[in-house]
Amino acid sequence: VKRLYVDEHRCEGSQLCVASCPEVFGFGQDGLAYVKDQHLASSIKGEDLENLMTLCPTDAIRQEDVP
Amino acid sequence: MPVPLKEPDFIEDMYTVSVWEDVNAALKSPNFKVGRERRISTRENILVFINGKEHLERRQIESPVFQRDALAEYERLTLQPLLDSYVERWRSLGQAELVHETLMILVRIGALLTGVPGIETDVAATEILGYVDAWSAAGSVEYSRLPEDGKEGIVKMAERSAQEFDRLYVSPRRKDVLSLIAARDANGPLDGASRNLIAELLAHWNPEWKPELLALEVLAYLAGSVRTSMRAVCNSVHEISAWVGAHPEDESLLDDPAFIRQAVNETLRLHVVAPVLLRVTEEEAVLPSGLTIPGGAYVAILYARANRDQRHFGPDADEFDPHRAKRQLTGRDYGLSFAAGAHACIGRRLAVGAAGEGDGVNNGTVMTLVARLMHLRAAPDPDDPPCQLPDSFYDEFARYPIRFIRQ
């Protein structure tokens with residue numbers, strides 16, 4: 001199972017992910033984006049997921065394996 | 001040797017933000033808007049001067065041009081062959097004037113990425129640069145000490161220049177590009193190398209936009225990328241040459257992409273591309289250091305000072321050290337030189353790439369150029385030393401003659 005997350009060390013707060021997918025990403029008071037709906041995020045797959053990940057100018061949208 | 005820090009005098013009456021955490025927070029806060037007192041028609045409604053939802057929507061439209069796959073294809077199909085032709089000439093001559101050569105390369109690249117074809121000679125590139133410089137000149141009149149009629153003259157010249165640029169280079173493209181967009185809609189998305197700014201804007205054109213916006217976005221992109229990248233290339237060559245002169249044991253690293261990347265990042269940290277970032281607060285802001293700024297205040301964000309914060313870059317933060325990244329310091333390698341937040345430089349990945357990120361990465365135009373130059377062992381010509389542009393906010397050379405030690 002893969003989990004989508006925003007790498008806080010890479011995120012520079014461009015908010016493109018929030019603008020593209022407001023139902024999945026939120027923007028915190030700390031100036032960083034975060035995944036607010038993991039269930040919805042896990043439904044994004046294939047080319048849509050690739051497009052979303054490459055949209056971020058700092059490559060902060062990442063995937064990791066979860067047990 | 002500390003690298004001198006240049007700051008403009010027009011910020012005297014503004015609030016200043018210079019502590020790393022404050023700069024970071026201010027740049028990411030939607031409370032700090034881009035804004036200007038003086039209305040300049042050639043700057044209205046372009047990406048870098050709009051805010052909020054409108055800005056995010058425009059950035060979404062333009063960002064496919066700067067995505068990883070598009071840039072990787074651009075580097076393979078456009079940048080490398082173009083550089084090959086220049087390198088061949090440099091090798092045969094054994095010398096070059098770096099400011100001119102870099103500008104010519106960058107204008108041609110910028111023209112391709114924006115969707116202005118046919119810029120294949122130095123004469124054509126120089127003509128484009130003239131329009132870009134006229135557009136840029138109007139940006140600083142707000143802060144210049146010129147008399148009012150002098151300022152108006154510069155603004156008028158920028159307007160005329162933008163109109164002519166539109167008539168000659170952008171408007172004639174509309175029909176062809178719209179046909180291309182129709183084909184794209186019919187056959188699926190274009191591959192990365194076919195993306196450009198004009199095509200993306202026309203494909204998502206908002207009928208409320210004025211027709212001239214297309215040319216103005218192209219000019220803004222070229223203004224934001226050509227001279228800034230030229231400065232980054234020249235300053236990188238200058239710093240690396242001086243470093244290797246003082247540290248001859250590092251000469252073998254000039255063919256190491258990781259060393260060049262670190263050296264360019266360090267150059268960008270110390271030689272920032274603009275003297276200051278200006279913002280206007282919407283409402284009162286309290287920054288991490290406790291600094292309070294009232295609403296409606298003009299704020300000068302001095303990110304060049306933040307880039308030299310000793311807490312994040314070490315006690316020698318004012319000095320150039322291409323090995324700094326090895327020290328595991330907390331500051332980002334290039335500091336805040338590409339800004340942060342919604343208005344972070346859209347062309348960062350184009351300039352410095354995303355190396356080491358797996359498949360489909362691009363190395364960056366500035367990184368690639370500097371690597372090719374240092375591979376040839378570019379060094380300042382001892383018989384014709386480089387000269388800085390006098391009275392400039394920027395760390396910019398007027399001329400930078402180089403010799404290639406390795407042919």
Side-chain angles (χ1 to χ4, degrees), chain A, chain B residues 21-32 51-72 188-189 192 287-288 330-332 334 336-362:
Chain A
V1 181
K2 291 192 181 295
R3 185 182 77 98
L4 203 66
Y5 71 102
V6 177
D7 184 335
E8 63 178 45
H9 299 294
R10 288 176 181 274
C11 178
E12 292 182 7
S14 75
Q15 300 180 57
L16 282 177
C17 56
V18 185
S20 301
C21 247
E23 63 279 16
V24 171
F25 295 97
F27 194 67
Q29 291 289 323
D30 56 0
L32 302 175
Y34 63 93
V35 175
K36 68 178 185 188
D37 188 333
Q38 195 56 242
H39 179 67
L40 212 52
S42 62
S43 68
I44 307 170
K45 296 193 190 306
E47 199 176 321
D48 288 343
L49 180 62
E50 179 63 23
N51 286 342
L52 186 63
M53 290 173 75
T54 58
L55 182 71
C56 175
T58 55
D59 301 309
I61 302 171
R62 305 248 147 187
Q63 264 193 323
E64 65 181 359
D65 291 317
V66 289
Chain B
E21 288 77 7
D22 287 354
V23 171
N24 215 357
L27 289 173
K28 289 176 178 173
S29 166
N31 186 24
F32 286 74
N51 289 290
K53 189 165 175 278
E54 184 186 19
H55 172 262
L56 274 173
E57 286 171 356
R58 183 82 56 80
R59 192 152 167 149
Q60 267 183 296
I61 291 171
E62 298 187 11
S63 65
V65 181
F66 304 98
Q67 281 177 15
R68 209 161 41 181
D69 56 338
L71 292 177
L287 292 170
T330 49
R332 195 176 300 125
Y334 45 73
L336 288 161
S337 294
F338 292 99
H343 280 87
C345 175
I346 196 169
R348 182 195 64 85
R349 196 187 266 152
L350 169 67
V352 297
E357 297 295 323
D359 294 337
V361 300
N362 70 298

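Residue numbering restarts at 1 for every chain, and letters A, B, ... go by the order of the sequence lines.
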Residue selection (most heavy-atom pairs with chain A, distance under 4.5 Å) from B:Q60, B:R348, B:H343 = B:Q60
message = Can you pull out every side-chain hydrogen bond (donor to acceptor under 3.5 Å, both in side chains) where at least one residue sits in residues 34-45 of chain A? Sequence neighbours excluded, please.
response = none
ask   = Quick one: do B:K28 and A:E12 make a salt bridge, cutoff under 4.0 Å?
value =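 Salt bridge: no.
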message = Are there residues of residues 51-59 of chain B whose heavy atoms fall under 4.5 Å of chain A's heavy atoms? If so, which?
response =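 At a heavy-atom separation under 4.5 Å, chain A is reached by B:L56, B:R59.
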query = What residues, two or more places apart in sequence or in another chain, satisfy salt bridge (Lys or Arg N to Asp or Glu O under 4.0 Å) together with A:E64?
reply =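 Here the qualifying residues are A:R3.
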key: Residues which pass salt bridge (Lys or Arg N to Asp or Glu O under 4.0 Å) with B:E21, listed by chain and number, not counting sequence neighbours   = B:R311
inquiry  = If we ignore hydrogens and angles and just use 3.5 Å, is the side chain of A:R62 paired with the main-chain N or O of A:D59 as donor and acceptor?
reply    =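 Here the side-chain-to-backbone pair exists.
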Side-chain donor/acceptor of B:S29 to backbone N/O of B:A25, under 3.5 Å =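 Judged by distance alone, no pair lies under 3.5 Å.
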